[in-house]
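This report refers to the structure that appears directly beneath it.
Protein chains get the first letters and strands the later ones, always in sequence-line order, with residue 1 at the start of each.
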Amino acid sequence: AQSVTQPDIHITVSEGASLELRCNYSYGATPYLFWYVQSPGQGLQLLLKYFSGDTLVQGIKGFEAEFKRSQSSFNLRKPSVHWSDAAEYFCAAGSSNTGKLIFGQGTTLQVKP
Amino acid sequence: DTAVSQTPKYLVTQMGNDKSIKCEQNLGHDTMYWYKQDSKKFLKIMFSYNNKELIINETVPNRFSPKSPDKAHLNLHINSLELGDSAVYFCASSPRTGGDSPLHFGNGTRLTVT
């Protein structure tokens, strides 16, 4: 069955520190991959997406993600975290077969001053 | 201008009641969705419509009935509400169907059934 797994339910980092949020997928073929961010009381906002080509993709707000086929992973990174980055982060995958996105369980990011 | 707007933002009601949530998008997208986010923040697709036509129905109870009067609107009506229906419901839209089409989400409707 198709699935997306975010192993870390909750992560706390200090402001200014680097960040990596993990995402693994299980699909028959390489899916389309996305990262979304959800601030409290808000809907989800697209950070970045990977379809094909360069395995390192840049997104908004200084985020980037790296696709690694051998590890079935699509980890999200940011070199220096700001307090405003505290939010819920969702990895998602989609395929042209199903026409829908499957979301991971989400990772809550807390930023310490 | 809000791209995907849904109303109401909060909905508190008693078991057995019938309620509706409305959604409108002004992005000109062809496809609209309803997602349910449970208390553990897990997001699951419920329905998808493309240009007013139902294309995805994810084994949702018959008490849930989506209606799309036009491609800019997708409403969700829920009959005989149950405690387990308490969740945040998100409307979303995308330019087209297909897993490569990013979603644009509304801000959610928090439904509480007492």
Inset, instruction - Could you tell me the separation between the OG1 atom of B:T31 and the NZ atom of A:K100, rounded to the nearest 0.5 Å? - result: 15.0 Å
Inset, instruction - Output the distance between atom CG (A:L44) and atom CG (B:N107), rounded to the nearest 0.5 Å. - result: 10.0 Å
Which atoms of [X] are under 4.5 Å from chain A, going by heavy atoms: the side chain, the backbone, both sets, or neither?
X	value
B:I55	neither
B:L43	both
B:E58	side chain

Assigning hydrophobic clusters by single linkage (Ile, Leu, Val, Met, Phe, Trp, Tyr; side-chain heavy-atom cutoff under 4.5 Å), is [X] placed with [Y]?
X	Y	value
A:I102	B:F47	no
A:V57	A:W35	yes
B:V60	B:F90	no
A:I60	A:V37	yes
A:Y25	A:Y89	yes

Legend entry - Which atoms of A:E88 approach chain B - backbone, side chain, both or neither, heavy atom under 4.5 Å: side chain
Legend entry - Interchain contact, A:Q38 with chain B, by part (heavy-atom threshold 4.5 Å): side chain
Inset, instruction - Please examine the side chains of A:L101 and B:Y35, heavy atoms only from C-beta on, and report whether any two atoms are closer than 4.5 Å. - result: yes
Inset, instruction - Against chain A, work out which of B:G108, B:G106, B:G99 has the most heavy-atom pairs shorter than 4.5 Å and name it. - result: B:G99
Inset, instruction - Considering only heavy atoms and a distance below 4.5 Å, find which of B:D100, B:V88, B:I45 pairs most often with chain A. - result: B:D100
Inset, instruction - Check for a donor-acceptor pair, side chain of B:K9 on one end and backbone N or O of A:G41 on the other, with a separation under 3.5 Å. - result: yes
Within a 6.0 Å radius of atom [atom1] on [X], are there more than 12 heavy atoms belonging to other residues, nucleotides or ligands?
X	atom1	answer
A:K49	NZ	no
B:K52	NZ	no
B:E53	CD	no
B:N62	CG	no

Legend entry - Largest heavy-atom contact set with chain B, pairs under 4.5 Å, which of A:S95, A:P31, A:A93, A:G106: A:S95
At their closest point, which heavy atom of [X] faces which heavy atom of [Y], and how far apart are they?
X	Y	result
B:P102	A:L46	CB-CD2, 3.6 Å
B:K41	A:F90	O-CE2, 3.2 Å
A:F103	B:F42	O-CE1, 3.7 Å

Inset, instruction - Carefully, step by step, assess A:F34 and B:L103 under the rule side chain to side chain contact (heavy atoms under 4.5 Å, CB included). - result: CA-CA 10 Å; A:F34 307 83; B:L103 304 180; over 6 Å; no
